[in-house]
Student: 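Just dropping this structure here.
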There are 2 protein chains.
Amino acid sequence: MKSFLERFEAFLHGKGLRLTNQRAEILRAIYRTHRHVTAEQLYEMIRDDARTKDLRISRATVYRTLGLLAEGGFVEALDLGRDQGVRYEHSLGHEHHDHMVCNDCGKIIEFHDPDLERVQDEVVARHGFVASSHQLNVYGSCAQCSRRERKKGASESDGAEA
Amino acid sequence: MKSFLERFEAFLHGKGLRLTNQRAEILRAIYRTHRHVTAEQLYEMIRDDARTKDLRISRATVYRTLGLLAEGGFVEALDLGRDQGVRYEHSLGHEHHDHMVCNDCGKIIEFHDPDLERVQDEVVARHGFVASSHQLNVYGSCAQCSRRERKKGASESDGAEA
DNA sequence: GTGGATGCAAAAAGTTTGCAGGCGT
DNA sequence: ACGCCTGCAAACTTTTTGCATCCAC
């Protein structure tokens with residue numbers, strides 16, 4: 001099993017492109033984090049990382065490399081709405097999944113359900129549509145936040161009912 | 001049954017705001033079209049419309065009004081990805097629906113399936129998540145385009161196989 | 001050595017905001 | 001008359017691009 005880096009290198013060579021230190025560092029950074037990061041966050045991560053203090057990096061290279069990584073299927077771009085901007089996550093070694101976004105604490109929860117996928121495929125196929133990918137975002141309150149909300153709502157309505 | 005415009009007026013008054021000609025025209029424009037429009041497209045529609053030739057309009061007002069309309073639930077913002085930018089659709093008088101985006105012709109197809117909604121709710125609830133809304137985008141080839149693709153693929157492999 | 005890659009800064013694209021004047025109530 | 005609204009232009013944010021230099025192969 002080749003490493004992600006080796007696979008990225010193979011992908012680049014297939015296009016007559018080169019694996020540079022910057023590109024390698026960007027790949028490592030996005031595979032090291034478990035967050036859904038923006039281009040800016042990725043840029044800061046690499047710039048501030050002590051291990052890479054001797055590496056010059058620029059936003060332009062981050063953007064250019066994210067384009068290559070997305071094209072090669074190494075990362076996926078997500079738009080989680082709510083003024084979050086475009087975020088990226090590494091995709092190799094991760095099964096497809098969807099996202100729940102908590103409107104209260106901002107947490108992003110990944111989930112996957114085979115039944116859901118199956119029903120989705122069926123519905124879409126019924127329209128003669130040939131799906132190549134999809135993105136489902138669910139917005140609301142996560143388990144912790146909704147528990148907290150309920151508790152707060154209960155105590156408020158105890159004494160202060162209008 | 002109050003008209004959408006009357007409801008918008010009521011919504012505005014409830015916030016101590018006024019219904020101006022610009023705001024009314026923006027509401028009408030987005031309720032008249034069946035496309036998923038960007039702020040820029042909406043601006044151009046109003047600016048170029050003969051009926052509103054005597055009305056001054058600016059992009060700033062379009063953006064400001066779209067914010068109000070979204071807040072009041074009169075329009076919904078969508079991010080259909082693929083460099084499409086934020087698009088808006090009117091939401092009153094429309095049941096909730098999801099979108100299929102054709103990567104070949106750019107067509108946007110709306111669809112709705114109660115089973116799909118139900119499975120989605122179940123899966124999400126199983127995680128203790130309380131959903132308030134969701135957005136599902138399916139990317140691929142629409143019926144026409146996928147038919148065309150198949151035909152093209154077949155004739156190509158007829159004579160020009162490498 | 002050569003052509004691709006990089007950083008920088010300028011440019012572009014999309015959206016927001018400050019302000020002076022205009023207008024609805 | 002008051003205070004909300006508007007257009008304009010400037011500011012902001014995010015992403016792309018031109019260019020001289022640099023470096024991976």
Side-chain angles (χ1 to χ4, degrees), chain A residues 5-6 8-27 29 36-48 52-72 75 77-88, chain B residues 5-6 8-27 29 36-48 52-72 75 77-88:
Chain A
L5 192 57
E6 286 169 326
F8 185 34
E9 185 168 24
F11 166 76
L12 290 169
H13 284 178
K15 294 173 65 78
L17 304 179
R18 298 163 187 170
L19 178 64
T20 60
N21 288 332
Q22 282 86 344
R23 288 177 177 164
E25 217 45 62
I26 292 167
L27 181 85
H36 299 76
V37 293
T38 62
E40 178 69 20
Q41 290 171 334
L42 204 49
Y43 165 68
E44 289 166 7
M45 283 166 60
I46 294 163
R47 190 196 52 190
D48 299 343
T52 58
K53 268 291 189 297
D54 53 339
L55 183 76
R56 302 184 58 60
I57 188 81
S58 68
R59 268 173 262 263
T61 297
V62 173
Y63 279 105
R64 286 188 276 234
T65 301
L66 280 172
L68 288 169
L69 289 169
E71 188 186 329
V75 305
L78 312 169
D79 199 310
L80 298 177
R82 308 316 202 242
D83 300 317
Q84 294 234 44
V86 180
R87 305 189 98 89
Y88 293 88
Chain B
L5 193 56
E6 286 168 326
F8 185 34
E9 184 167 25
F11 166 77
L12 289 169
H13 286 177
K15 294 173 66 78
L17 305 179
R18 297 163 187 167
L19 178 63
T20 60
N21 288 334
Q22 283 85 344
R23 287 177 179 165
E25 219 42 64
I26 291 167
L27 180 86
H36 299 76
V37 293
T38 62
E40 178 69 21
Q41 289 171 334
L42 205 48
Y43 165 69
E44 288 166 7
M45 282 166 60
I46 295 163
R47 190 196 52 189
D48 299 343
T52 59
K53 267 291 187 295
D54 54 338
L55 184 76
R56 300 186 59 59
I57 188 80
S58 68
R59 268 173 262 262
T61 297
V62 173
Y63 280 105
R64 286 189 276 235
T65 302
L66 281 172
L68 288 169
L69 289 169
E71 187 186 331
V75 305
L78 312 170
D79 199 310
L80 298 176
R82 308 311 202 246
D83 301 315
Q84 295 234 42
V86 180
R87 306 188 97 90
Y88 294 87

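Just so it is clear: chains get the letters A, B, ... in the order the sequence lines come, proteins before strands, and each one is counted from 1. Computation of the quantities below employed the complete heavy-atom set of this structure, encompassing side-chain atoms and omitting hydrogens, waters and symmetry-equivalent molecules.
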Student: Can you tell which of Val62(B), Thr20(B), Asn21(B) makes a side chain to side chain contact (heavy atoms under 4.5 Å, CB included) with Ile26(B)?
Tutor: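 Per the side chain to side chain contact (heavy atoms under 4.5 Å, CB included) rule, the option paired with Ile26(B) is Val62(B), out of Val62(B), Thr20(B), Asn21(B).
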Student: Please give, in whole Å, the distance from dT6(D) P to Leu66(B) CG?
Tutor: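 Value for this atom pair: 12 Å.
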Student: Leu12(B) CG to dT25(C) C1': how many Å, rounded?
Tutor: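 Between C1' of dT25(C) and CG of Leu12(B): 14 Å.
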Student: Would you kindly give the CZ-to-C1' distance between Arg23(A) and dA5(C), to the nearest whole Å?
Tutor: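 After rounding, the reported distance stands at 6 Å.
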Student: The side chain of Leu17(A) lies closest to which of these nucleotides: dG18(C), dT6(C), dG4(C)?
Tutor: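 Out of dG18(C), dT6(C), dG4(C), the nucleotide with an atom closest to Leu17(A)'s side chain is dG4(C).
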Student: Of His13(B) and Arg59(B), whose nearest nucleotide on DNA chain C comes first from the 5' end?
Tutor: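 Of the two residues, Arg59(B) wins.
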Student: Looking at the side chain of Thr61(A), which of dT16(C), dT6(C), dT17(D) is the nearest nucleotide?
Tutor: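 Nucleotide nearest to Thr61(A)'s side chain: dT6(C).
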Student: The side chain of Tyr63(B) lies closest to which of these nucleotides: dT16(C), dA9(C), dT15(D)?
Tutor: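 That would be dT16(C).
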Student: Which nucleotide sits closest to the side chain of Arg18(B): dG4(C), dG24(C), dG7(D)?
Tutor: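 The closest nucleotide is dG24(C).
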Student: Examine distances only and state if a side-chain atom of Arg23(A) and a backbone atom of Arg18(A) form a donor-acceptor pair shorter than 3.5 Å.
Tutor: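 Present.
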Student: Nearest to the side chain of Thr20(B), which nucleotide is it out of dT15(D), dT6(D), dT6(C)?
Tutor: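 Among dT15(D), dT6(D), dT6(C), the one nearest the side chain of Thr20(B) is dT6(D).
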Student: Using atom CD of Glu9(A) as one end and atom P of dA24(D) as the other, report the distance to the nearest whole Å.
Tutor: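 From Glu9(A) CD to dA24(D) P: 12 Å.
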Student: Looking at every strand, decide which applies to Arg64(A) at a 4.0 Å heavy-atom threshold: base, sugar-phosphate, or nothing.
Tutor: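 Answer is base: heavy atoms of Arg64(A) come under 4.0 Å of a base.
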Student: State whether the distance check finds a donor on one side and an acceptor on the other, under 3.5 Å, for side chain Arg56(B) versus base dG22(C).
Tutor: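 Flag unset: no donor-acceptor pair detected.
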Student: Starting from P on dG7(D), measure out to CG on Asn21(B) and report it in whole angstrom.
Tutor: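 Going from CG in Asn21(B) over to P in dG7(D) covers 11 Å.
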Student: What is the distance, to the nearest angstrom, from the CD1 atom on Ile57(B) to the P atom on dG22(C)?
Tutor: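 Checked: the CD1 to P distance equals 18 Å.
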